[in-house]
Amino acid sequence: MAGIYIHIPFCRQACHYCNFHFSVSMRNRPAFIDALVREIELRSDYFKGKAVETLYIGGGTPSVLGISELIKIFSALGKCFELEKLKEFTLEANPDDLTSEKLMSLRQLPVNRLSIGVQSFHHSDLRYMNRIHSPVQACESIANARKAGFDNISADLIYGTPGMTNRMWEENIMQLIEFGVPHISAYALTVEKKTSLEYFIRKGRADDVSEEQCAEQFDILCRLCETHGYEHYEISNFCIPGKYSLHNLSYWTGKEYLGLGPSAHSYSNGRRCWNVSNTSSYIESLEHDMLPLECEELSPVQSFNEYVMTSLRTARGCDLGHVRKEWGEQMLAGLEKRAVKYIERSLLTREDSHLLITRQGKFLADGIAADLFSDS
Ligand code: SF4
């Protein structure tokens with residue numbers, strides 16, 4: 001399965017916790033669209049004619065783009081890639097952009113999945129995060145999307161904001177469940193380096209994030225989603241049966257994908273490439289018909305570690321048969337040895353030939369996976 005990701009590096013307002021590549025200035029937007037179209041053309045042989053099955057336009061905030069800009073991007077893709085078998089076309093959107101008019105205009109494209117950045121239905125959380133939308137807009141965006149015929153909706157939530165009680169967090173989750181949103185992505189608030197949030201906390205102008213609160217709220221999330229029939233198919237992702245994100249599943253299962261736009265990553269056959277994380281440099285490079293990317297071949301150890309990290313985050317877990325086949329007996333024996341202490345502490349379990357994270361282990365998944373990495 002082949003997938004394309006496009007990064008749109010513009011947002012209306014900077015969220016305090018965000019460390020993605022974006023700009024709130026729209027000055028470069030026309031030049032960016034031209035550069036993106038040029039990149040699409042220059043990368044047209046990436047899949048060598050293989051059908052593209054998933055397309056994901058993320059960012060940044062893709063919903064700030066006008067319909068004519070989105071059509072221009074999609075037409076360029078259609079000229080350069082085989083899109084006849086496209087199964088999933090996701091567009092990320094912020095609630096304040098999802099007016100009825102905007103949603104009706106999106107119907108001109110074969111978008112069949114919306115990923116809405118709700119984050120919270122509470123004013124105090126939205127203010128702490130410096131989100132641009134209100135709780136009312138968050139509710140309306142979901143209702144408007146439904147009215148416009150978008151049923152395949154994913155909503156993002158963030159937990160662990162200081163001041164968010166467990167009761168408020170339960171309300172956020174239940175609001176989505178009651179709306180019948182089929183897919184929920186929920187992330188613990190993390191304080192990334194060089195973000196406004198890190199600065200404000202350091203200066204005592206914002207309360208710090210508590211790991212204990214995050215762990216408790218992750219537990220509430222798992223329990224509520226499970227009770228209401230949502231499958232916990234990846235550490236941060238829950239869906240009603242069958243409503244997985246096909247695009248994200250392809251990342252987690254090591255399928256090839258092409259990333260377009262500044263800061264986007266691509267992967268194919270053990271080779272990883274990443275575009276420059278600067279929109280002006282990205283535009284300038286493409287104006288000279290140069291791809292603004294760097295690449296590296298993953299060593300067997302790097303690809304093993306990547307497999308351990310991503311597979312342990314999924315409900316399917318780490319396939320030990322696959323490890324033996326791809327990396328040999330010695331790597332398998334090392335992994336099994338390092339896993340013992342986690343199995344003894346009930347943070348990992350072994351079922352058939354798979355290593356799985358247990359409910360208690362899930363909140364610690366990334367740390368456990370890192371400890372299972374091979375260093376030679
Ligand atoms: S809208 Fe998304 S990408 Fe933009 S600043 Fe906020 S979190 Fe970051």
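First listed ligand is number 1; within each ligand, the first listed atom is number 1. These figures come from a predicted structure and were not determined experimentally.
In this structure, atom 6 (Fe) of ligand 1 lies nearest to the protein heavy atom C15 SG, 2.3 Å. Atom 7 (S) of ligand 1 has as its closest protein heavy atom Y17 OH, 3.5 Å.
Proximity to F22 (heavy-atom distance under 4.0 Å) selects the following atoms of ligand 1: 5 (S). In the vicinity of T61, heavy-atom distances shorter than 4.0 Å reach the ligand 1 atoms 1 (S), 4 (Fe). The distance from ligand 1 to the heavy atoms of C11 drops below 4.0 Å at these ligand atoms: 1 (S), 3 (S), 4 (Fe), 5 (S). Short contacts between ligand 1 and Q13, defined as distances under 4.0 Å to a heavy atom of the residue, involve ligand atoms 5 (S). The C18 neighbourhood of ligand 1 comprises atoms 3 (S), 5 (S), 7 (S), 8 (Fe), with distances under 4.0 Å to a heavy atom of that residue.
The part of R131 lying near ligand 1 is the side chain, judged by heavy-atom distances below 4.0 Å. Counting heavy atoms closer than 4.0 Å to ligand 1, residue N94 contributes side-chain atoms (C-beta onward) but none from N, CA, C or O.
Between D34 and K72 there is a salt bridge, since a side-chain N of the basic residue sits under 4.0 Å from a carboxylate O of the acidic one.
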message: Would R38 and E41 count as a salt bridge (charged side-chain N to carboxylate O under 4.0 Å, His left out) here? Give the steps.
response: CA-CA 5 Å; R38 190 66 194 123; E41 290 163 357; 2.7 Å; yes
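For the cysteines C18 and C11, the sulfur (SG) atoms lie at a distance of at least 2.5 angstrom from each other.
Aromatic pair F10/F32: ring centres closer than 6.0 Å.
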